[in-house]
Structures are given as C-alpha cells and as structure tokens.
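First comes the structure, then the notes that go with it.
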Amino acid sequence: MSDASIAPLADGKKILIESDSREAVSWMNDEDFSNLSLVNTIYDIRCLLRHLGNTSVHYISRDSNAAADRLAKRGSATYKWGIY
C-alpha cells in the first residue's frame, strides 16, 4: 500500500481497533509473539498502524461486543458455503 493510498484512511481522526483476542491485541501493540507463521503479517499490520499514526488497539470481551460477534459468526458461516 502506498503512502498516498494510506493517508486518506486516517484523515487526521483517531482509529480505534477492538478485538476479542487478547493475543492478537498484544501482537499489534508491539509485544513479543511466538507464532512464526504469522510474523510477516504481524509486521505488516504494525507498520500500517504506525504509518496511520493516531491508532490504538484494545481488547474487548466477546460478551461486551455481542453485535460484532454475531456478524462475525454469520460471515464465517456464509463464507464456509461459498456464498458472498
């Protein structure tokens, strides 16, 4: 992704990313990780977050974010059957 294509994404606003995976949140917040199969992906995401600037990644429990959890389950069920 080029600088020109990333800049409009943030547009000077704070970007808050929430996840129900404590492990993924710790990976994005520059903590050590042991999953070497994801090392390139994690570094790419960290680089993008740093480039965007005003971002933060936080853990949120699945119970606290029931609407997103339902959408994720619905999306993964749809994907399994090849319906987009």
Side-chain angles (χ1 to χ4, degrees):
M1 200 176 272
S2 71
D3 291 350
S5 63
I6 294 173
L9 294 176
D11 195 28
K13 297 179 180 142
K14 182 163 181 75
I15 298 173
L16 173 62
I17 299 166
E18 296 177 331
S19 172
D20 63 3
S21 170
R22 288 183 198 271
E23 192 170 28
V25 168
S26 72
W27 292 344
M28 296 311 109
N29 287 322
D30 291 326
E31 295 176 26
D32 291 333
F33 57 92
S34 59
N35 191 336
L36 296 179
S37 65
L38 295 175
V39 68
N40 290 330
T41 302
I42 292 167
Y43 283 143
D44 286 347
I45 293 169
R46 287 178 178 179
C47 181
L48 177 62
L49 291 173
R50 276 192 297 277
H51 190 79
L52 287 171
N54 200 11
T55 61
S56 61
V57 182
H58 299 277
Y59 169 78
I60 185 169
S61 71
R62 202 170 283 179
D63 294 337
S64 298
N65 201 6
D69 186 48
R70 281 193 305 278
L71 287 172
K73 286 178 182 173
R74 183 179 298 168
S76 66
T78 302
Y79 178 76
K80 288 177 187 173
W81 294 103
I83 302 168
Y84 302 108

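Each residue takes its place number in the sequence, starting with 1. Values below: all heavy atoms of this structure, side chains included; hydrogens, waters and symmetry mates excluded.
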Is there a path of hydrophobic side-chain contacts, each under 4.5 Å between heavy atoms of I/L/V/M/F/W/Y residues, joining [Y] to [X]?
| X | Y | value |
| --- | --- | --- |
| L71 | I17 | no |
| V57 | L48 | yes |
| I15 | V25 | yes |
| I60 | I45 | no |

Is there a side-chain contact between L49 and M28, using heavy atoms and a 4.5 Å cut-off?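 Yes, close enough: below the 4.5 Å cut-off.
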Could you check if a side-chain atom of W27 sits within less than 4.5 angstrom of a side-chain atom of L38, using non-hydrogen atoms only?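 The answer is yes, as the side chains (C-beta and beyond) meet within the 4.5 Å cut-off.
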Holding to side-chain hydrogen bond (donor to acceptor under 3.5 Å, both in side chains), I want the full list of residues that pass it with [X], two or more places apart in sequence or in another chain.
| X | result |
| --- | --- |
| S64 | S61 |
| S56 | H58 |
| T41 | none |
| D44 | none |

Under the ring-ring contact (aromatic ring centres under 6.0 Å, His included) test, which residues partner Y43, sequence neighbours left out?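 For Y43 the ring-ring contact (aromatic ring centres under 6.0 Å, His included) partners, ignoring immediate neighbours, are F33.
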Identify, with sequence neighbours excluded, every residue that meets salt bridge (Lys or Arg N to Asp or Glu O under 4.0 Å) alongside R50.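 R50 satisfies salt bridge (Lys or Arg N to Asp or Glu O under 4.0 Å) with D30 once adjacent residues are dropped.
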